Protein chains: 4
Amino acid sequence: MTSEAGSTSQRGRPRDARSHQAVLAATLDLLGEVGYRRFTVAGVAKRAGVGKSTIYRWWPSKLDLILEAAAPQLEIGLAPNTGSTRHDLNIGAEQAIASYSSPIAAQVIFVVIADLEEDPRLREIYQSKWVLPWRISMANALERGIANGDLTKGLDVELVIDMLAGTIFQRVLVIPEPMTDGLAQRLIDLVIRGKLL
Amino acid sequence: MTSEAGSTSQRGRPRDARSHQAVLAATLDLLGEVGYRRFTVAGVAKRAGVGKSTIYRWWPSKLDLILEAAAPQLEIGLAPNTGSTRHDLNIGAEQAIASYSSPIAAQVIFVVIADLEEDPRLREIYQSKWVLPWRISMANALERGIANGDLTKGLDVELVIDMLAGTIFQRVLVIPEPMTDGLAQRLIDLVIRGKLL
Amino acid sequence: MTSEAGSTSQRGRPRDARSHQAVLAATLDLLGEVGYRRFTVAGVAKRAGVGKSTIYRWWPSKLDLILEAAAPQLEIGLAPNTGSTRHDLNIGAEQAIASYSSPIAAQVIFVVIADLEEDPRLREIYQSKWVLPWRISMANALERGIANGDLTKGLDVELVIDMLAGTIFQRVLVIPEPMTDGLAQRLIDLVIRGKLL
Amino acid sequence: MTSEAGSTSQRGRPRDARSHQAVLAATLDLLGEVGYRRFTVAGVAKRAGVGKSTIYRWWPSKLDLILEAAAPQLEIGLAPNTGSTRHDLNIGAEQAIASYSSPIAAQVIFVVIADLEEDPRLREIYQSKWVLPWRISMANALERGIANGDLTKGLDVELVIDMLAGTIFQRVLVIPEPMTDGLAQRLIDLVIRGKLL
DNA sequence: TAGTAATCGAGACGGTACGTCGGGTCTTTGT
DNA sequence: ACAAAGACCCGACGTACCGTCTCGATTACTA
């Protein structure tokens, strides 16, 4: 902006990285302690020892704050590429289960999804940041399985992924108490031995 | 109930059924029009031509009002008993898809589920009023299918139901745009022709 | 009323005199116990064992109810005509002190006067029912005093009355703690021995 | 207070004096226009262009707001010390008449006094802020009059003050239409020429 | 004796104001 | 320029009370 190289002209006091982190940490803490309903921005500010406007300077809204704070907790680990279709899918499924089982997940996921209708931007974020990488890794594993004959040729990859994600979502977050013992194993069994056209 | 004596002596002005209905109708209308975030109890009162206190007399809170108003929309039609396993399950799945596809469902389900953590009463309502009857009807259809040989003997009924519900939930409510064409058909195919142990 | 023309056809259930009395009694009780601010019509109804509409059937508003209930407490006993100017005035002043000292008076008088501005009807009631008879009796006593030479000829009767009423009002109702010992005596002394032109 | 250091470090946005003033002004306006009964905190907020919470941040209740807004209108100008007993008392009496004649006075005084019974804090405020200074100035004038022989030695100062205040109160606020022409003059005549023991 | 009509207790109703709470913006002083 | 502090506007929340309205039940006078 100013002369040349100093692209970001960097005038005035620089952003305090510690504040930034403190806010995100306080957000997660508060979310875990009091839940979304009693979660307030003022509460975060107080706990982080930060002014409220500092929060709003960096995050446009309460929801955005929560989103960024919770993002690391909600990113799903990817399915690897080990050569074994069964193993790769299994790991992928386990990762999804682990991610949804995070105590933060229960507080955040539904609120986010609930606003998808209103705020299309959210859908974008939710999909692209949290589930899309996982979906791609799973799709890749499935494609590899099809290519090497482990899986039926005409397999509907998208449907399989939705089935896996949906079942896990249901078992972990919706029904009264999580039933996840051996869940990944059994779902992958179904995928590999079932006849999904 | 009816036979004996009207035990409740019915003193005082009776509850105005029209007001009651008007409130529930206005609740649904408003929910559909402006969504949960902009939904207001005062707005319901105005639209229903009703005093705000009449609403709070019968529903302890905004959420309770929404719950009761939305309940009929969210009850899932049951799987019938026609003799055909495939047909019964298919109808059951279609019913779930239809129920989740209601415009109200998107506004309400997540808000409700999101509070399940905080308010155990909600989980009870959600489960028992909305999904449990459907689950039972599906379980029955599956058991019949097992009994008459249409389905594998060791089938994990609960897992199948979670899989069906979860996949539908995912496709209708979570992913960017609903993909439900032929969904029931294909899921039931999977259940009947797959090898779920 | 009934005998003659029978104008009021007197059909239907006659008014229940006990309810009427119970309402007035409950009104006074409640006023004394909780004060005007916490006084509610519903509270009166409950205490009187009466329906709220029974109250509103006979009294147009909360204020009217209070007015009628409190009226007997607020009517000031009159100055007599004993032949002694001093004694008559003294009795009159004592009566005013007694009336204003009623526990109900403190609760009611100011509320009533405060609404005089808004509701001219109230001024009428207040003046004619409560203070006018007393003023007349005092005026008469003063006139007799002037006639028989006990009081100065040019005495401003209205001013004297306002002075008496005002001072008593002040001492009983306005200042922190009532100072009424010997008050009547001293005020009448002033009137008789002073030189009010 | 001022000299030393600004003990209160004055952090954060300072109170907006304009808002503060706007609220008090709007309170007086509204009180004058619609009277106490139709006076609304929300109405004040709207008229002052202020949020309701700003009002409640600084005044605990509707009554407190009215009290502070009306206080300047209700403070009575003091009796001076000119050397002339008659003149000093006369001015004092005129001030009381002027103060009670304020259009706000009628709206506020009774409401305040009516609550004296309930809220002792109010009595404190009413007495100390509004009438006590005036009473002291009148007492001083009377004492000076006694000292220099203008007034009888044994004069009951408190009684005279109550008499003056009470009569004025009565004439200005209680009786149907104010009769204040020459009132101060005549009351002071009475005090100076009367024989109050 | 049956009918008619006004009363009663109970309590639901529409409405209005209260005082509280939270979101997101703005304005100070300090660094 | 950015930070903490905290005041600001806005608008929804849930509560309380007013005065009105319906109920079923009661209690007289009328036919």
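From a predicted model like this one, the values you see are computed outputs, not experimental measurements.
Listed in residue order, the members of residues 38-46 of chain A having a heavy atom less than 4.0 Å from DNA chain E are A:Phe39, A:Thr40, A:Val41. Taken residue by residue, residues 47-55 of chain D places heavy atoms nearer than 4.0 Å to DNA chain E at D:Lys52, D:Ser53.
Between B:Leu65 atom CG and F:dA12 atom C1' the separation is 14 Å, expressed in whole Å. Rounded to an integer number of Å, the gap from B:Leu63 CG to F:dG14 C1' is 14 Å. Here the C1' atom of nucleotide F:dG11 and the CZ atom of B:Arg37 are 15 Å apart, to the nearest Å. E:dA10 atom P lies 17 Å from atom OH of C:Tyr56, rounded to whole Å. Between C:Tyr36 atom OH and F:dC17 atom P there is a gap of 13 Å when expressed in whole angstrom units. The CH2-C1' distance, from A:Trp59 to E:dG23, rounds to 17 Å in whole Å. Atom CG of C:Asp16 is separated from atom P of F:dA25 by 19 Å (rounded to the nearest Å).
The side chain of A:Ser61 places no N or O atom within less than 4.0 Å of a non-bridging phosphate oxygen (OP1 or OP2) of E:dG23. Residue D:Arg11 places none of its side-chain N or O atoms closer than 4.0 Å to OP1 or OP2 of E:dG30. Contact between the side-chain N/O atoms of B:Lys62 and the OP1/OP2 oxygens of F:dC13 is found at a separation under 4.0 Å.
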Could you give the side-chain donor-acceptor pairs of residues 60-70 of chain D under 3.5 Å, partners two or more places apart or in another chain?
residue : atom : partner  : partner atom : Å
D:Ser61 : OG   : D:Leu63  : N            : 3.3
D:Ser61 : OG   : D:Asp64  : N            : 3.4
D:Ser61 : OG   : D:Asp64  : OD1          : 2.6
D:Lys62 : NZ   : D:Phe39  : O            : 3.3
D:Asp64 : OD2  : D:Arg121 : NH1          : 2.6
D:Glu68 : OE1  : D:Trp59  : NE1          : 2.7

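Going from atom OG of A:Ser53 over to atom CZ of D:Arg13 covers 11.0 Å, rounded to the nearest 0.5 Å. Going from atom CD of A:Gln73 over to atom CD of A:Gln107 covers 12.0 Å, rounded to the nearest 0.5 Å. Here the OG1 atom belonging to B:Thr54 is positioned 9.5 Å from the CZ atom belonging to B:Arg15, to the nearest 0.5 angstrom. Expressed to the nearest 0.5 Å, how far OG1 of C:Thr40 lies from NZ of C:Lys46 amounts to 10.0 Å. Atoms CD1 and NE2, from B:Ile55 and B:His20 in turn, are 10.5 Å apart once rounded to the nearest 0.5 Å. Remark: B:Leu74 CG to B:Ile109 CD1 distance equals 5.5 Å, nearest 0.5 Å.
Comparing B:Arg13 and D:Trp58 against DNA chain F, the residue whose closest nucleotide sits nearer the 5' end is D:Trp58. Each of D:Pro60 and D:Arg18 has a nearest nucleotide on DNA chain E; the 5'-most of these lies closest to D:Pro60.
Distances were taken from every side-chain heavy atom of B:Arg57 (C-beta onward) to each of E:dA12, E:dC8, F:dA7; the shortest belongs to E:dA12.
Using a 4.5 Å heavy-atom cutoff, the side chains of D:Leu28 and D:Leu24 are not in contact.
Among all heavy-atom pairs drawn from C:Ala48 and C:Ala22, the shortest one is CB-O, 3.6 Å.
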